[in-house]
Amino acid sequence: MTSDPNRPEARAPRGFIDRRARDVVAERAILAAVSGVYERWGFEPLETGAFEYADALGKFLPDADRPNEGVFALQDDDEQWMALRYDLTAPLARFAAQNWETLPKPFRRYAFGPVWRNEKPGPGRFREFVQCDADTVGSARPEADAEIIAMAVEGLEAAGLPAGSALIKINNRKLLNGLMSAAGVADEGQKLAVLRAVDKLDRLGPDGVRLLLGEGRKDESGDFTKGAGLNAAAAERVLAFTAAGAGDRASTLAKLADVVGGSAEGDEGLAELAAIDAALTGLGVAADRATFDPSVVRGLEYYTGAVFEAELLLSTLDEKGQPMRFGSIGGGGRYDDLVARFTGERTPATGFSFGVSRLASALKAAGRDLAKAARGPVVVIAFDQTRMADYFAVAREIRAAGIPAEVYLGSSGMKAQMKYADRRLSPAAVIVGEDELAAGTVTVKDLDLGRVLASKVADNAEWREQRPGQQTIPRGELTAALRRILDAG
RNA sequence: GCCGCCCUAGCUCAGUUGGUUAGAGCGCCAGAUUGUGGCUCUGGAGGUCUCCCGUUCGAUCCGGGAGGGCGGUACCA
């Protein structure tokens with residue numbers, strides 16, 4: 001493929017993608033809308049650097065054998081390991097710890113930007129992607145969780161998700177912890193295995209999860225996943241717990257109380273959920289927007305209390321036209337121990353984050369494609385290399401009227417220039433040839449109109465003769481004519 | 001990480017039971033149309049058939065290895 005072996009192959013690294021105007025514009029629109037909502041709720045923007053010292057990132061601390069496990073890490077010239085951030089929460093914890101003395105507390109901030117994960121990319125999964133994240137640090141009140149949830153609902157709808165098409169499902173880690181303590185599960189590893197098993201409920205169903213809670217499960221490829229090793233009775237209790245969600249928040253709470261009530265930690269979790277329910281009600285968030293669902297886990301070790309997940313409810317079609325579940329578009333929860341890693345003092349915190357391009361695909365699936373096709377500028381045809389200054393003067397005039405414009409800067413003939421303008425989806429081409437310069441006129445060609453008429457004309461001679469959408473007008477009327485074309489489109 | 005499938009033009013893919021000039025469609029460039037985007041027609045550019053080693057008189061094709069891609073599974077802050 002490459003004739004010269006020394007020549008580099010033009011390709012992006014695996015898991016990294018180039019995004020063109022269409023996607024960039026759509027994602028910017030999402031970020032602008034969500035930022036507006038978050039600021040209205042009193043969250044301030046914060047930007048931190050792409051790199052953090054590896055020890056600040058926590059458990060993915062690279063060692064000499066596997067310096068890049070999970071993250072992109074490198075050694076600074078002072079030998080310290082640093083790594084690209086893999087989310088926006090860890091840098092926030094570091095920032096909050098570093099500036100705790102001077103920060104207004106509780107500290108409310110939102111942030112967005114690229115994060116990097118050094119792992120196997122998959123469909124819709126990349127090694128670099130943009131996250132948007134809002135957190136409150138320094139408030140242990142369940143109302144802080146409720147506020148984050150209500151704000152997420154508003155943010156997702158402001159970004160363009162049709163009202164009610166996303167549901168925030170809320171759970172509390174303390175419930176499952178209480179349940180497991182009651183069942184005699186004390187080992188941390190075993191608890192994690194239980195969480196992982198429950199997390200797979202929507203994909204594997206109760207039977208698959210039952211296997212994972214017990215001895216383990218062999219999948220279709222023959223790979224065996226070791227189970228949590230619970231006895232049958234304990235496994236059934238866990239399954240009964242996960243099935244307790246349904247209906248409005250109050251009745252779910254009542255059912256959950258039956259299953260986990262009694263243990264100290266379970267009761268604490270129940271009380272927190274009750275407070276969240278009350279706050280959400282006050283914030284006007286009904287059960288069709290946020291509900292309790294005991295099967296939500298969010299796999300993360302660091303969550304200590306409430307956890308939540310935003311799920312897209314719309315049934316969407318994949319490329320083959322098959323209905324598919326879009327699933328989770330974001331999530332979050334309470335992590336009271338993250339800042340303590342730096343300060344030694346337990347600092348309550350809660351937050352929500354979502355992947356921006358994932359939300360963009362969700363919007364597309366919901367039929368709210370903000371992107372449309374990115375329109376090109378008005379193209380001023382470059383006729384004669386010696387008259388470039390005249391063309392630039394025309395382009396300048398168009399820009400001054402607030403209309404994007406450019407002079408064609410290639411070296412091809414007029415035909416290719418028209419083709420260029422067509423491909424850029426330009427609304428119009430402006431022709432200022434010798435005739436026009438002599439007469440003090442300009443020729444404006446409405447390319448949109450031509451695009452419509454093209455389908456009705458079969459014969460090329462006729463097509464050329466018609467010059468669809470083309471008019472020659474006095475130079476002084478140029479911008480007004482362009483404005484009419486733009487307004488019509 | 002583990003399992004499976006795949007790798008021929010920019011893209012999607014034919015093809016050669018191992019034999020001399022490897023094809024198509026789309027895309028790209030140009031001409032028909034000397035100042036005009038679409039359609040049509042004509043012409044053109046573009047390939048060490050992923051790489052290395054082996055078998056063979058001869059390998060894009062067979063065997064081994066490596067790399068890359070895809071799918072599943074595990075992990076997922």
Side-chain angles (χ1 to χ4, degrees), chain A residues 1-5 9-11 13-15 52 56-61 66 69-71 83 85-93 115-123 125 127 131 133 192 195-196 199-200 203-204 208 212 216-226 297-303 328 331-333 335 338 351 353 376 379 381-384 408 412-426 428-436 443-470 472:
Chain A
M1 234 168 268
T2 32
S3 47
D4 179 351
E9 193 182 336
R11 52 176 193 151
R14 155 176 89 87
E52 293 286 341
L57 289 181
K59 69 168 184 156
F60 289 94
L61 209 150
R66 293 151 57 144
E69 188 64 12
V71 298
R85 64 186 180 206
Y86 54 77
D87 71 5
L88 296 171
T89 311
L92 169 65
V115 301
W116 296 267
R117 296 182 185 185
N118 191 3
E119 55 192 26
K120 179 182 153 187
R125 277 185 69 166
R127 292 156 97 195
Q131 263 196 349
D133 184 292
L192 271 177
L195 291 178
R196 277 195 217 108
D199 196 29
K200 293 187 176 61
R203 197 157 46 81
L204 301 180
L212 282 174
R217 171 177 177 275
K218 188 183 274 191
D219 63 50
E220 306 86 67
S221 74
D223 212 24
F224 183 76
T225 309
K226 197 172 179 307
V297 171
R298 294 251 85 213
L300 324 182
E301 254 172 279
Y302 69 52
Y303 287 125
S328 168
Y335 50 97
L338 221 51
S353 72
V379 172
I381 301 297
F383 248 101
D384 176 349
Y408 175 79
S412 299
M414 179 160 181
K415 187 183 167 88
Q417 298 190 36
M418 293 303 301
K419 211 170 190 169
Y420 170 81
D422 188 38
R423 276 186 202 166
R424 293 210 55 190
L425 286 178
S426 297
V430 173
I431 303 167
V432 194
E434 266 175 64
D435 299 347
E436 286 87 351
T443 296
V444 176
K445 182 158 181 142
D446 183 337
L447 295 175
D448 284 338
L449 186 59
R451 275 187 269 267
V452 174
L453 294 178
S455 54
K456 297 177 190 151
V457 180
D459 177 58
N460 183 259
E462 188 190 343
W463 163 251
R464 284 163 63 92
E465 217 167 284
Q466 277 193 357
R467 306 256 151 109
Q470 188 164 326
T472 299

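To find a chain, count down the sequence lines: A is the first, B the second, and so on, and within it residues start at 1. Being a predicted model, the structure only gives us computed values, none of them experimental.
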Residue met sooner reading RNA chain B from 5', once A:Thr225 and A:Gly450 are mapped to nucleotides: A:Gly450
Full working for side-chain contact (heavy atoms from CB on, under 4.5 Å) between A:Arg196 and A:Leu212: CA-CA 9 Å; A:Arg196 277 195 217 108; A:Leu212 282 174; over 6 Å; no
Rounded distance in Å between the P positions of B:rG25 and B:rG67: 38 Å
Touch class at under 4.0 angstrom, heavy-atom based, for A:Arg125 against every strand present: base
B:rG27 phosphate, OP1 or OP2, under 4.0 Å from A:Arg423 side-chain N/O: no
B:rA22 to B:rG47 separation - P atoms, rounded to the nearest Å: 13 Å
Rounded interatomic separation in angstrom, taking CG from A:Leu449 and C1' from B:rG38: 13 Å
A:Arg217 side chain vs A:Thr225 backbone, donor-acceptor pair below 3.5 Å: no
Atom C1', compared across B:rC49 and B:rU21: separation rounded to whole Å: 15 Å
Per-nucleotide protein contact string for nucleotides 30-36 of chain B (B base, S sugar-phosphate only, - none; heavy atom under 4.0 Å): ---B-BB
Pairwise P distance, B:rG23 and B:rU16 [rounded to whole Å]: 14 Å
Whole-angstrom distance between B:rG65 and B:rC2, as gauged at atom P: 15 Å
Trace of the side-chain contact (heavy atoms from CB on, under 4.5 Å) decision for A:Leu447 with A:Met418: CA-CA 9 Å; A:Leu447 295 175; A:Met418 293 303 301; 3.8 Å; yes
Non-neighbouring partners of A:Tyr303 that pass ring-ring contact (aromatic ring centres under 6.0 Å, His included), sequence neighbours left out: none
Contacts of A:Gln131 that satisfy side-chain hydrogen bond (donor to acceptor under 3.5 Å, both in side chains) - sequence neighbours left out: none
Value in whole Å for how far the C1' atom of B:rC76 lies from CG of A:Asn118: 13 Å
Sugar-phosphate, base or nothing in reach of A:Lys200, heavy atoms under 4.0 Å: sugar-phosphate
Any donor-acceptor N/O pair under 3.5 Å between B:rG72 base and A:Lys120 side chain: yes
For A:Gln417, side chain to side chain contact (heavy atoms under 4.5 Å, CB included) partners two or more places apart: A:Ile381, A:Ala382, A:Tyr408
Over all atoms of both residues, closest heavy-atom pair of A:Arg85 and A:Pro91: CB-CG, 3.9 Å
C1' spacing across the pair B:rC13 / B:rG18, given as an integer number of angstrom: 23 Å
Secondary-structure notation, RNA chain B, from Watson-Crick and G-U pairs under 3.5 angstrom (| other strand): (((((((..((((.....[...)))).(((((.......))))).....(((((..]....))))))))))))....
P spacing across the pair B:rA59 / B:rG63, given as an integer number of angstrom: 16 Å
Closest non-hydrogen atom pair, A:Leu449 against A:Gly469: CD2-CA, 3.5 Å
Nucleotide B:rU73, atom P - distance to CG of A:Leu204 in whole Å: 8 Å
Separation of atom CZ in A:Arg203 from atom C1' in B:rA74, rounded to whole Å: 9 Å
Rounded interatomic separation in angstrom, taking CG from A:Leu212 and P from B:rU73: 12 Å
Interatomic distance where CZ belongs to A:Arg127 and C1' belongs to B:rG69 [whole Å]: 14 Å
Listed partners of A:Arg467 passing side-chain hydrogen bond (donor to acceptor under 3.5 Å, both in side chains), at least two apart: none
Basic-acidic side-chain contact under 4.0 Å: A:Asp422, A:Lys419: no
Gap in Å between the two P atoms, one belonging to B:rC57 and one to B:rG1, rounded: 41 Å
Sugar-phosphate, base or nothing in reach of A:Arg451, heavy atoms under 4.0 Å: base
A:Arg127 side chain to A:Pro121 backbone, donor-acceptor under 3.5 Å: no
Interatomic distance, A:Leu425 CG vs B:rG38 P [rounded to whole Å]: 14 Å
